[in-house]
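Shown next, in structure tokens, is the structure this report addresses.
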Amino acid sequence: MGGGNVSRNVSQDVSRMSLEEIENIIKDMIKEDNKVSRKDIAMILGVSEKAITRYIKEIPNIKYVGKGKNGHWELND
């Protein structure tokens, strides 16, 4: 994973965070490294990859372009 600054600021207790806070963390991670994997995001937030997939579906301005490891995230603010 890239710079990793976001991961140091993430509270371990995601269950107490609002959906908006979780979405902001995911957006920040994608801004830091647009090739970050769902698996990496899940490990940092301490939730499953499936949960990350659900969170990402709730964020309208994020999409994955390409396939697999050759793809990247695009964030349109």
Side-chain angles (χ1 to χ4, degrees):
M1 204 171 88
N5 293 333
V6 173
S7 63
R8 284 186 228 126
N9 299 327
V10 174
S11 166
Q12 294 294 357
D13 196 355
V14 175
S15 64
R16 293 185 181 183
M17 290 183 183
S18 69
L19 184 57
E20 185 178 347
E21 289 173 308
I22 294 168
E23 288 177 1
N24 286 334
I25 291 168
I26 293 171
K27 286 179 187 178
D28 287 344
M29 291 178 72
I30 289 171
K31 286 176 187 172
E32 267 188 37
D33 178 7
N34 71 345
K35 290 188 175 272
V36 67
S37 70
R38 290 172 205 248
K39 183 177 181 180
D40 288 339
I41 296 170
M43 285 190 335
I44 287 168
L45 289 177
V47 296
S48 69
E49 280 184 67
K50 194 169 190 169
I52 296 303
T53 299
R54 285 193 305 268
Y55 291 137
I56 288 172
K57 283 182 181 178
E58 298 293 319
I59 306 172
N61 54 349
I62 290 180
K63 69 177 182 176
Y64 194 77
V65 178
K67 292 189 177 189
K69 295 183 186 231
N70 295 323
H72 64 275
W73 294 101
E74 285 189 357
L75 183 60
N76 302 314
D77 280 334

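Note that the coordinates shown come from a computational prediction; the quantities given were computed from them, not determined experimentally. Quick note: residue numbers are just sequence positions, from 1.
Judged by distance alone, the side chain of Y64 and the main-chain N or O of G68 form a donor-acceptor pair under 3.5 Å. When atom types are taken as modelled, the side chain of E21 and the backbone of S18 share a donor-acceptor pair closer than 3.5 angstrom. Although no hydrogens or angles enter the test, the distance criterion places no donor-acceptor pair under 3.5 Å between the side chain of N34 and the main chain of I30.
Atom CD1 of I59 sits about 12.5 Å away from atom CG of N76, to the nearest 0.5 Å. From K39, atom NZ reaches atom CD of E49 across 6.5 Å, with rounding to the nearest 0.5 Å. For the atom pair M17 CE and L19 CG, the distance stands at 12.0 Å (nearest 0.5 Å). Considering CD1 of I44 and CD1 of I26, their distance stands at 11.0 Å, rounded to 0.5 Å. Interatomic distance, I25 CD1 to L45 CG, rounded to the nearest 0.5 Å: 5.5 Å. Within the model, atoms CZ of R54 and CD1 of I22 stand 10.5 Å from one another, a figure rounded to the nearest 0.5 Å.
Taking N70 as the reference, nothing meets the side chain to side chain donor-acceptor pair (under 3.5 Å) condition, with sequence neighbours excluded.
The neighbour count for K35 NZ, taken as heavy atoms of other residues, nucleotides or ligands under 6.0 Å away, is above 12.
Here the shortest heavy-atom pairing between D40 and M29 reads O-CE, 4.3 Å. Nearest heavy atoms, E23 versus E58: OE2-CB, 3.5 Å.
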>> Working note: K27 + N61, criterion side-chain contact (heavy atoms from CB on, under 4.5 Å); need CA distance, chi angles, decisive distance, verdict.
In response: CA-CA 10 Å; K27 286 179 187 178; N61 54 349; 3.9 Å; yes
>> Does K63 form a side-chain contact (heavy atoms from CB on, under 4.5 Å) with V65? I'd like the steps, not just the answer.
In response: CA-CA 6 Å; K63 69 177 182 176; V65 178; 4.0 Å; yes
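Within the 4.5 Å cutoff, no side-chain heavy atoms of I62 are placed close to those of E74. Side-chain contact between E32 and D28 is absent, with no heavy atoms from C-beta onward closer than 4.5 Å. Between W73 and D33, the closest side-chain pair of non-hydrogen atoms is not below 4.5 Å.
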